[in-house]
Amino acid sequence: MRLSRLFLPTERQPPADAEAVSHKLLVRAGLVRQVGAGLWSWLPAGWRAHQRVAQIVREEIDGIGGQEMLMPVLNPAEIWKRSGRYDIDELFKLDDRKGAPHVLALTHEEIVTLHVAAAVKSYRDLPKILYHFQTKGRDEARPRAGVLRTREFIMKDSYSFDRDEEGLAASYDLHAEAYARIMERCGLEWYAVESDVGMMGGIGAHEYMAPCPSGENDVALAPGYAANTEVATAEPQPAGELTLSGELHTPGAMTIEAVSSALGVPKSRLLKAFPIVLDSGSRVDVFVRGDHRVNEIKLQNALKSGFRPAREEEIGRPPGFLGPTNQVKTVYDAAIGEGSWVVGANRPGYHEVIELPAGERLDVRTVVEGDTVNGAPIRIEPAIEVGNIFKLATRFSEPLGARYLDENGKEQLVWMGSYGIGPARIAAAAVEQSHDEQGISWPKAIAPYDVEVVALGKPGSDEAAAAEALYDELRAAGLSVLLDDRAAGAGEKFTDAELLGCPLRLTVGRRSLESGEAEAVARRGRTDLDPVPLTGAAEAVLERWRALP
RNA sequence: CGGGGAGUGGCGCAGUCUGGUAGCGCACCCGGCUGGGGGCCGGGCGGUCGCAGGUUCAAAUCCUGUCUCCCCGACCA
């Protein structure tokens, strides 16, 4: 492609409201443009990067036996009502001209299960892996960070159909292996973490995370351990010393901070009350250490029930001075060992020291930096979720009637898994992870073009002609090449080339005509490589190309 | 949904407090010079000041309403 003809609107300055690096650079390099909140167009060069990611994904899913198809974005509401997902807030809902309710699919479990339910009758029809690349609509409460969290995006979603749990486990493992290859091929720093199964139920899930500062998830990491902090478990750091006992006068001290400093007791020796009401209506007081926070997802999972914070009148005791009481069921977090603890005395102005025996504990707190896993301290870092794999079990096959007959003629439910990956997020995460002051530094497998040839000298000059010849030869050799043939100064061309971030840059100028060589520079690190001959360049360029990291 | 911020030419901004001919840099167009790190000179094009209503002789500026976008939080099959 000739840069003089490419629709690549670069900007010297980033959008004023951009925060995330990928947002700034993707816009500045002319790869994406915003249409509305969470709505983005991919411009030609950006779309090439997106497509290269998609092609890698396609190859790997095909490689585990996936069959590509296409399902519609617009779905009749009825099937979403049957699956029980119609009431999700993120679901875009609309009526057609006849007034019939429709939705924009968030994902395609409903539709794919519909087809499988209609067509699969026998155990002989299983297993199957079906997938497509299709637009997803999600009415996000808060789109953000450019292309990292949008209301419409393309997802590769695949679905596995097996006859039982073991079959599902095998399909799940195939996807895990394919996803690992995808992340590697895309050049991402990544890890798979245990994740919450969410409101979807299901029996297991992993997320594929790409660490980056603009990430929305916090991931807890230790050698051999990686988990979303939504579900992470770790050994707490030891609680501090407590020498007080009995009743303690603490007027006005209603926060952990205030009690801690008023009494001179470390926060880790205080207990914090979290009064809740379960879905069943029963009241429960949850206690965690003063230096810890309740993790509502872990709490919900541990209680096996949804809950909401209790209202003041439901608590019935003075806020700020809550302690355990016989009237309300009590749950202690696992970090609360046996021993003495400072708790609220259930009357204003007083706390007290109580002795807790060993007993039942539930792990319901959010881990913090420095907690340990197998003796090693964890660190917590932000990451963006670029893919997920999920054991759905019979969550959809049951309501949508996906059943088969086994060898004994007995009807069985199909066991399903669902597996998503977002090429746009992979591309954006790559930018987050691979950039410098000058711009993007694409991993070579997903760059918009493999090589950018910068032609110096005026259009029509000998230099330009030599650059043209090089351009033709490299394309003939199978490389994707961008030729900067604009009538612009050298500085502008180099600057734009570094902003766009193609992995290899070749410069053809007056020096080249004298030496018979084009200079070669690797974008990553902006490191000079051995120059390549102007005539018969293809082999030398391919060699440089292969040697790039 | 709560809190904060912003809408002025393609991008980045000033002007708004204190009403009086809409401005700057970059980009763009034309001519010339230059041609290995966003170069120089000269001449140009381009704006319903988010939208609606109101106050006023006069509104980008004051008042009311409204829409949109961004950031933090809540939320996140």
Side-chain angles (χ1 to χ4, degrees), chain A residues 9-20 23-24 27-28 30 33-40 75 80 83-92 103-110 136-146 148-151 153 155 157 159 195-202 205 207 214-217 228 230 296-297 308-309 384-385 388 390 392 395-396 418-420 422 438-439 454-464 467 484 486-499 505-515 518-519 521 526 528:
Chain A
T10 57
E11 293 292 343
R12 190 174 292 216
Q13 281 164 320
D17 49 26
E19 293 283 325
H23 183 183
K24 292 178 182 174
V27 171
R28 282 192 57 211
R33 281 296 183 268
Q34 184 168 20
V35 174
L39 302 172
W40 291 81
N75 292 184
W80 286 74
S83 70
R85 294 211 295 173
Y86 186 69
D87 294 323
I88 291 171
D89 289 336
E90 280 72 25
L91 189 62
F92 278 111
V103 306
L104 299 183
L106 304 159
T107 56
H108 283 77
E109 279 86 356
E110 279 80 0
K136 306 298 177 228
R138 293 188 186 177
D139 194 3
E140 294 286 352
R142 188 155 98 79
R144 55 189 297 270
L148 280 179
R149 183 169 205 85
T150 57
R151 294 196 295 170
F153 60 98
M155 176 188 268
D157 38 329
Y159 303 93
S195 67
D196 181 43
V197 294
M199 295 161 61
M200 291 284 298
E207 290 169 338
S214 300
E216 313 187 275
N217 294 92
N228 196 316
E230 289 174 350
E296 301 195 8
I297 292 169
R308 60 173 172 81
I384 185 74
E385 179 188 348
N388 63 69
F390 202 102
L392 291 168
R395 164 69 182 81
F396 287 89
S418 88
Y419 315 91
Q438 283 70 35
V454 174
L456 300 178
K458 296 181 198 180
S461 64
D462 290 348
E463 295 99 304
D484 192 346
R486 297 173 301 170
E492 192 171 348
K493 292 184 176 185
F494 291 141
T495 306
D496 274 351
E498 280 158 6
L499 179 58
R505 187 179 89 214
L506 302 176
T507 304
V508 181
R510 194 188 306 126
R511 289 181 213 154
S512 311
L513 296 183
E514 289 162 6
S515 65
E519 286 126 83
V521 179
R526 297 204 291 168
D528 291 330

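All heavy atoms count here, side chains included; hydrogens, waters and symmetry mates do not. Below, chain A is the first sequence line, B the second, and so on; all start at residue 1. Please read these numbers as outputs of a predicted model, since none were measured by experiment.
In terms of phosphate contacts, R144(A) brings no side-chain nitrogen or oxygen within less than 4.0 Å of OP1 or OP2 of G73(B). Neither OP1 nor OP2 of A77(B) sits under 4.0 Å from any side-chain N or O of R138(A).
Within 4.0 Å (heavy atoms only), E498(A) reaches at least one base atom of the nucleic acid. Residue contacts shown for L106(A) are absent, as no nucleic acid heavy atom lies under 4.0 Å away. Contacts of A145(A) with the nucleic acid, taken as non-hydrogen atoms under 4.0 Å apart, involve only primed sugar atoms and P, OP1 or OP2. Using a 4.0 Å heavy-atom criterion, one finds that D89(A) contacts no nucleic acid atom at all. Residue R505(A) is in base contact, counting any heavy-atom pair closer than 4.0 Å across all strands shown. Using a 4.0 Å heavy-atom criterion, one finds that E463(A) contacts no nucleic acid atom at all. Residue T10(A) is out of contact with every strand shown, counting any heavy-atom pair closer than 4.0 Å. Counting any heavy atom pair closer than 4.0 Å across all strands shown, S461(A) reaches no nucleic acid atom.
In the set G38(B), G73(B), C69(B), C69(B) carries the atom at the smallest distance from any side-chain atom of Q34(A). Taking the side chain of E19(A) as heavy atoms from C-beta on, and the options C71(B), G38(B), G36(B), the nearest nucleotide is C71(B). When the nucleotides G35(B), A77(B), C69(B) are ranked by their closest atom to the side chain of E109(A), A77(B) comes out on top.
Checked for salt-bridge contact, E216(A) and R144(A) meet the test: a charged N lies under 4.0 Å from a carboxylate O.
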Contact list (N/O, under 3.5 angstrom) for nucleotides 39-50 of chain B vs protein:
none

Between the protein and nucleotides 12-14 of chain B, are there any N/O to N/O pairs under 3.5 Å, and if so, what are the atom names and distances?
from, atom 1, to, atom 2, distance (Å)
G12(B), OP1, A16(A), N, 3.0
G12(B), O4', Q13(A), OE1, 3.0
G12(B), O2', Q13(A), NE2, 3.4

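For the P atoms, the distance linking G38(B) with A74(B) amounts to 46 Å, nearest Å.
Along RNA chain B, the nucleotide nearest to T495(A) and the one nearest to A487(A) differ in position, and the one closer to the 5' end is contacted by A487(A). Residues R149(A) and G38(A) each lie close to RNA chain B; by heavy-atom proximity, the contact nearer the 5' end of the strand is made by G38(A).
In this structure the side chain of E230(A) reaches within 4.5 angstrom of the side chain of N217(A), judged on heavy atoms. No side-chain heavy atom of E385(A) sits under 4.5 Å from any side-chain heavy atom of N228(A).
We find that CG of D87(A) is positioned 15 Å from P of C76(B), with the value rounded to whole Å.
Under the 3.5 Å distance criterion, with hydrogens and angles disregarded, a donor-acceptor pair is assigned to the side chains of R85(A) and T107(A). Under the 3.5 Å distance criterion, with hydrogens and angles disregarded, no donor-acceptor pair is assigned to the side chains of E110(A) and N75(A).
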